[in-house]
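See below for the structure under consideration.
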Amino acid sequence: SFNEFFYEGRLIKQLSKNNITVTSSLRQVQRNDGKYFTFDISVSNNTNSDITLLTNRIKAKIFSNNQRKSIEIPALTRKEYLKIKKRRQNMRTGLIAFAGGMSAASAGQKTSTTNTNSYATYSGTANTNASAYGSGGYAYGNATTNYRGNAYGSSTSTTNTYDGAAAYAASQNEAAKLNAFVAASEEAKKRWNEEYLKNHTLNPQETTSGLINVKYYKTNRIILGIIINNLIFSFDWDPNDSEF
């Protein structure tokens, strides 16, 4: 049997076969560590025997906008998704560490500039004497010249020094920020470990749930297929049905 209903604004689709009930809900198109369709899935075992959920048997058929073509891709298993998260986290950590190191190194560099201006006044007297002798007789003369002036000058010098104490304090601060980032990332990863759908063998009357990611492709129709005990549970979704 198939049923659709809304719960607190979210569209839920539920399908039951042979006393196995599977529900799915398209939570969002999320852009953390890539771009994915994120589904919430739950499986309930109402049989009298164990059943096993294998996440690598969850696939999605994604259609072109004109519905004439489609591709089938597997959902990301928990192991695959955590590997992607770790790779992206390491890249972000490396970039932050590099930026922090550059900031700490520059914190120890100090530059001082000194400007020097000079001013001087000068004055004096110059005497010039001249004499000449010719057929007409002897001639003599002198001249006195007074002079005065001002002289200006300026110079600039730049001095670079390194303050080891300031650099150390800055490096400690950057290390603290980096450690806080890594701790926050690890905490986020732990939450994903708890929430992401896992392989699980369900005892009778047991339910398991979690989210699953399907790589994003632009589409207006996606069919999510979940295989349990060789039964196929299919859910037809429009991306516009997502909660977020």
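Listed by first and then second residue, the salt bridge (Lys or Arg N to Asp or Glu O under 4.0 Å) pairs involving residues 220-236 are R221-D236 (not counting sequence neighbours). Applying the salt bridge (Lys or Arg N to Asp or Glu O under 4.0 Å) rule to pairs touching residues 35-62 yields R10-D40, R27-D40, sequence neighbours excluded.
Between Y216 and Y36, the distance from one ring center to the other does not fall under 6.0 angstrom.
When side chains are defined from C-beta on, T52 does not count as touching L202, because their heavy atoms never get closer than 4.5 Å. By the 4.5 Å heavy-atom criterion applied to side chains, V29 and T38 are not counted as neighbours. Annotation: side chain of F37 is in contact with side chain of I222 (closest heavy-atom distance under 4.5 Å). Taking 4.5 Å as the limit, some side-chain heavy atom of I58 sits within range of a side-chain heavy atom of L224.
Not counting sequence neighbours, the partners of I71 by the side-chain contact (heavy atoms from CB on, under 4.5 Å) test are I62, I73, Y217. Partners of N66 by side-chain contact (heavy atoms from CB on, under 4.5 Å), not counting sequence neighbours, listed by chain and number: S64, R68. Residues meeting the side-chain contact (heavy atoms from CB on, under 4.5 Å) test with T77, sequence neighbours left out: T55, N56, K79, E80.
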Given Y196 and L82, is the side chain to side chain contact (heavy atoms under 4.5 Å, CB included) satisfied, shown in steps?
CA-CA 9 Å; Y196 207 84; L82 291 179; over 6 Å; no

Tell me, with the steps shown, if N18 and T47 meet side chain to side chain contact (heavy atoms under 4.5 Å, CB included).
CA-CA 8 Å; N18 294 358; T47 71; 5.8 Å; no

Go through it in stages, so that I can follow the logic: the residues are I226 and I41, the test is side chain to side chain contact (heavy atoms under 4.5 Å, CB included), and I'd like the CA-CA distance, side-chain angles, deciding distance and then a yes or no.
CA-CA 9 Å; I226 304 167; I41 294 172; 3.7 Å; yes

Derivation of the side chain to side chain contact (heavy atoms under 4.5 Å, CB included) call for V43 and I228:
CA-CA 9 Å; V43 178; I228 301 174; 3.5 Å; yes

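Neither side chain, W237 nor S242, offers a donor N or O lying under 3.5 Å from an acceptor on the other. S44 and T21 share no side-chain donor-acceptor pair at under 3.5 Å.
The cationic atom of K17 (NZ for Lys, CZ for Arg) lies less than 6.0 Å from the six-membered ring centre of F233 and within 45° of the ring axis.
Taking both residues in full, the closest heavy atoms of S209 and L197 are given as C-CD1, 3.6 Å, listed atom of the first, atom of the second, then distance.
Residue-environment remark: CZ (F5) exceeds the threshold of 12 foreign heavy atoms within 6.0 Å.
Under the 4.5 angstrom side-chain criterion for Ile, Leu, Val, Met, Phe, Trp and Tyr, L54 has no cluster partners at all.
L53 and I232 fall into different hydrophobic clusters, defined by Ile, Leu, Val, Met, Phe, Trp and Tyr side-chain heavy atoms under 4.5 Å apart, directly or through other members. Under the 4.5 Å side-chain heavy-atom criterion for grouping Ile, Leu, Val, Met, Phe, Trp and Tyr, F6 is connected to L26 within one hydrophobic cluster.
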